[in-house]
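Reckoned from all heavy atoms, side chains included, excluding hydrogens, waters and symmetry mates.
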Amino acid sequence: YLFFLCLKIPSLTHIRSPSADNNRKKEIKNIIFVKQKQTKSSRQFMEYSVLSPDTEPRFKEIQKRIRRLQNRGNIESLEHLGINTENQIGASFLSLKTLAACYQPDENLAILLWNTCKREEQIVACLLLPKKINKEKITQLIQNCYNFEVAEYLGSFFLYNFEKLTEIATEWINSEKPYMQIAALTA
């Protein structure tokens, strides 16, 4: 089978597609990820990027390593304060930063992690985003932000170094979306 990884906001879905040519099965080892975008004229189109063969294993490895950082004490403390802990495992920021330091910045890996819509994965994604990413992609990512904490990390670790910071900050601060405003203000 040829595997396609389809990224849909807000969930990550695996779709299997049978290959018609048995000889090509051996040749094709790349995974394709599909991302929906909106154009200014509100038409939708799909953007395809070929992922390197090691991206999916690294994605799964990071998810396993994040699960090992689970801290039930942190979750219970947050629940006691009345904070929503859904899609969280209670890993500390310091442990996530240490984990992210083990990997090179990789846009495709960061997007895969971001689109899981989980706190810890999105924080690691903020740290793995490469410095050169276009404004449209980062604007699309913020639409799928988990919470204000993650928006703050996106602003302070990624937007802070973004080459078109003043342009994006002005646009985001004037938007009606609180996550965009927080990210821009923390940058």
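- Distance check: R67 CZ to E120 CD gives 11.5 Å after rounding to the nearest 0.5 Å.
- At least one side-chain heavy atom of T116 sits less than 4.5 Å from a side-chain heavy atom of F59.
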Candidate pair E163 and K131, rule salt bridge (Lys or Arg N to Asp or Glu O under 4.0 Å), full reasoning: CA-CA 8 Å; E163 55 189 39; K131 303 292 181 214; over 6 Å; no
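- Side-chain contact check for I168 versus K164: every heavy-atom pair is 4.5 Å or farther apart.
- Here CZ of F148 is found 13.5 Å from CG of L154. Values are rounded to the nearest 0.5 Å.
- Going from atom NZ of K60 over to atom CD1 of I62 covers 13.0 Å, rounded to the nearest 0.5 Å.
- Expressed to the nearest 0.5 Å, how far CH2 of W114 lies from CG of L141 amounts to 6.0 Å.
- Pairs passing the salt bridge (charged side-chain N to carboxylate O under 4.0 Å, His left out) check and including a residue from residues 69-91, sequence neighbours excluded, read R72-E76, R72-E79.
- No side-chain heavy atom of I123 sits less than 4.5 Å from a side-chain heavy atom of C126.
- Side chains of L159 and W172 form a contact here, defined as non-hydrogen atoms less than 4.5 Å apart.
- Counting only distance, with no hydrogens or angles, the side chain of Q88 and the backbone of I75 share no donor-acceptor pair below 3.5 Å.
- Two residues are said to be in side-chain contact when any heavy atoms from C-beta on lie closer than 4.5 Å; Q143 and K177 meet this criterion.
- For the residue pair Y103/E61, the side-chain donor-acceptor check at 3.5 Å is satisfied.
- No side-chain donor-acceptor contact under 3.5 Å links Q140 to the backbone of K135.
- With values rounded to the nearest 0.5 angstrom, E152 atom CD is found 6.0 Å from T186 atom OG1.
- Remark: side-chain polar atoms of R119 are paired, donor with acceptor, to backbone N or O of A91 under 3.5 angstrom.
- Using modelled atom types and a 3.5 Å distance limit, the side chains of S95 and T98 yield no donor-acceptor pair.
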Derivation of the side chain to side chain donor-acceptor pair (under 3.5 Å) call for K118 and Q63: CA-CA 10 Å; K118 295 180 180 176; Q63 285 191 308; over 6 Å; no
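- For the pair S77 (side chain) and G73 (backbone), a donor-acceptor distance under 3.5 Å is absent.
- Applying the ring pair (Phe, Tyr, Trp, His ring centres under 6.0 Å) test to Y160 and every residue at least two apart in sequence or in another chain returns nothing.
- Within the model, atoms OH of Y153 and CZ of F93 stand 5.0 Å from one another, a figure rounded to the nearest 0.5 Å.
- When every heavy atom of I89 is checked against every heavy atom of I66, the shortest pair comes out as CD1-O, 2.7 Å.
- Under the 4.5 angstrom side-chain criterion for Ile, Leu, Val, Met, Phe, Trp and Tyr, the cluster partners of I173 are L185.
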